[in-house]
2 protein chains.
Amino acid sequence: MANKNMQNHSASKTTDPVSITLTDRLFDTLQRAIVEGEIPSGSKISEPELARRHGVSRGSLREAIGRLEARKLVKRKPNLGARVVTLSYEQLIEIFQIREALEGMAARLAAQNMSDQEIEALQALLEAHGEQIEEQHGLAYFQKQGDLDFHYRIVQGSKNRQLIGLLCDDLYHLLRMYRYQFGMRSKRSRQAYDEHHYLLNAIVARDGEMAELLMRQHIRSSRRNVESMLLETF
Amino acid sequence: MANKNMQNHSASKTTDPVSITLTDRLFDTLQRAIVEGEIPSGSKISEPELARRHGVSRGSLREAIGRLEARKLVKRKPNLGARVVTLSYEQLIEIFQIREALEGMAARLAAQNMSDQEIEALQALLEAHGEQIEEQHGLAYFQKQGDLDFHYRIVQGSKNRQLIGLLCDDLYHLLRMYRYQFGMRSKRSRQAYDEHHYLLNAIVARDGEMAELLMRQHIRSSRRNVESMLLETF
DNA sequence: GAACCCAAAAGTGTCGACAGTTTTTATGTA
DNA sequence: TACATAAAAACTGTCGACACTTTTGGGTTC
């Protein structure tokens, strides 16, 4: 059982300017639990129970829930409490439409704004992915982690802070939740890898227009793959 | 001075299922105050003072501030408190880039998904705008309110809930804040009106591709207008 | 047995108080 | 006067308690 009053995490005063607040940690913990399905999608969140389980007051818990709501991982109704968001085929499609628009723009901006070093690093990352695919027929790894890594770097490369926040802080967590809980492994990793290559070439050429086009096509392909995969389930 | 304990807003029990929570109202109030510049951009938010002024406990105020942070209207740092976001030329450009991507997609989807009635209503709205421009040379009205109305309906017409939330609940408030505080009146209202017409025609023809193209061009024009206007100031 | 009503239990909304941190002010020294 | 230092004031983070709302579980009536 967690102890109750630990405002002073007293160890290591030298290298500890983080001063991360209790609510912050709680938020991270809960977000992970929700994304990975540990707290099931659609389930009700009981404030007293969760607060007790994490050894924390309801006030702090409430702030954390508020942030989860801002990221659309939970939905709250006045006097009725909060529920973990329920995943649906329709919502997933909506997310892909948004990604197509937003990441397309990100790719366009990245082609303009990424530094040469960043581009080189991205090339190296992609090479590593290629080897992984050869080596271990690494379908799972590539689709789940590598793909997100690649997209993540493109978004960062856009240098548009608002855009980065929108995608990396908000949307991607929801997307990861779908990946975890719908088990979205794919037989498409080889093709996705190739598409990443085309896109990167456009960025190397600093061709924003082309980069946007390719990114949008890449995400559309990915969406179609998900559609066909899920239509079996639903 | 507001009284302290008014949990029972006892009047009108019959037509009052709203049960809007105190935090909700506070949030609305503060959001308006920030957007309209009543609480100046960049200023620090003192929790004790604001709580006292609104006759509310710090806990409730804190939740409201949390939501304002989610909408990027304030920024919080641990142990240092919250400040109203500082507006900048760069951030405004970033917002226009995001709008171009997101509203472009919204227009595409609206061309597919708007009902015939919604389209008719939108045509009527546009007619009204046209008359207003003739009549009173209504530059101010059109740019500030009418333009947003039009865009708002297109976004609604996309029928993409995530997209609607992203734009209408989050981004538009920040945009309104810039309009208020940068005083963005424009001599471009006639052209903007025409562009709205072209866009609407594409929607009537159910041509999503064209609608996206026109919307993106419309927003780019609007951005260039803002750029040239602000470059005088900065 | 189903529908209704009412008290009890559980849950959410709001508050005031305390703990720890940052900022300000007061004080002493070079 | 300028600067370092320490006390104090102000502020944020967290908690437990109370008020109001919703849900639950019996009991009553038809």
Side-chain angles (χ1 to χ4, degrees), chain A residues 1-30 39 42-69 74-84, chain B residues 1-30 39 42-69 74-84:
Chain A
M1 180 166 294
N3 63 350
K4 198 158 76 182
N5 229 340
M6 50 168 295
Q7 209 139 342
N8 56 340
H9 43 115
S10 51
S12 74
K13 229 170 202 165
T14 56
T15 59
D16 209 14
V18 278
S19 174
I20 215 167
T21 187
L22 177 54
T23 301
D24 282 331
R25 281 186 305 238
L26 190 55
F27 168 68
D28 288 338
T29 303
L30 292 180
I39 304 178
S43 69
K44 185 168 188 314
I45 292 180
S46 163
E47 293 181 5
E49 186 198 331
L50 257 195
R52 192 160 16 86
R53 175 146 31 154
H54 290 268
V56 120
S57 89
R58 267 186 59 227
S60 303
L61 176 65
R62 262 163 146 279
E63 289 212 21
I65 292 179
R67 285 199 231 169
L68 291 171
E69 186 181 24
V74 313
K75 195 156 170 17
R76 216 182 215 165
K77 288 181 185 171
N79 286 320
L80 295 185
R83 307 190 83 91
V84 178
Chain B
M1 178 165 296
N3 64 351
K4 200 158 75 181
N5 228 340
M6 49 167 297
Q7 209 140 340
N8 55 340
H9 42 114
S10 52
S12 76
K13 230 171 200 165
T14 56
T15 59
D16 208 14
V18 280
S19 174
I20 214 166
T21 187
L22 177 53
T23 302
D24 282 331
R25 282 187 305 238
L26 190 56
F27 168 68
D28 287 339
T29 303
L30 292 180
I39 304 178
S43 69
K44 184 170 187 314
I45 291 179
S46 163
E47 293 182 5
E49 186 198 331
L50 257 194
R52 190 160 19 84
R53 175 146 32 153
H54 290 268
V56 120
S57 90
R58 267 186 59 228
S60 303
L61 176 65
R62 259 161 149 280
E63 289 212 22
I65 292 179
R67 286 198 230 170
L68 291 171
E69 187 182 23
V74 313
K75 195 157 168 17
R76 214 181 216 166
K77 287 181 185 170
N79 286 321
L80 295 184
R83 307 191 82 90
V84 179

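Just so we're on the same page: letters track the sequence lines, and every chain starts at 1.
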For Gly81(B), answer base if it contacts any base atom (sugar-phosphate contacts may also be present), sugar-phosphate if it contacts only those atoms, and nothing otherwise; contact means non-hydrogen atoms under 4.0 Å.
sugar-phosphate
In whole angstroms, the gap separating C1' of dT21(C) from CD of Glu47(B) amounts to 13 Å
Would you please confirm or rule out a distance under 4.0 Å between OP1 or OP2 of dT12(C) and any side-chain N or O of Thr21(B)?
no
Above 12 or not: heavy atoms from other molecules or residues under 6.0 Å from NZ of Lys75(A)?
no
Value in whole Å for how far the P atom of dT24(D) lies from CG of Leu80(A)
11 Å
For Leu50(B), the option from Val56(B), Ile65(B), Ile45(B) that meets side-chain contact (heavy atoms from CB on, under 4.5 Å):
Ile45(B)
Tell me: CD1 of Ile45(A) to P of dG11(C), nearest whole Å?
14 Å
Can you check the Leu61(A) CG to dG11(C) P distance for me, whole Å?
13 Å
Non-hydrogen atoms of Ser60(A) and Leu22(A) that approach each other most closely:
OG-CD2, 4.4 Å
How many Å lie between CZ on Arg52(B) and C1' on dA10(D), as a whole number?
12 Å
Which nucleotide in dT14(D), dC15(C), dT12(C) has an atom nearest any side-chain atom of Ser60(B)
dC15(C)
Rounding to an integer number of Å, can you tell me how far Arg58(A) CZ sits from dG11(C) P?
10 Å
For the pair made of NZ in Lys44(B) and C1' in dC11(D), what is the distance, rounded to whole Å?
7 Å
Could you check which of dT14(C), dG11(C), dT14(D) has an atom nearest any side-chain atom of Ser46(A)?
dG11(C)
Could you tell me whether the side chain of Arg76(A) and the main chain of Ala82(A) form a donor-acceptor pair under 3.5 Å?
no
I want to check one thing: is the phosphate of dT14(C), taken as OP1 and OP2, less than 4.0 Å away from some side-chain N or O of Ser57(B)?
no
If I take atom CG in residue Asn79(B) and atom C1' in nucleotide dA10(D), what distance separates them, rounded to the nearest angstrom?
13 Å
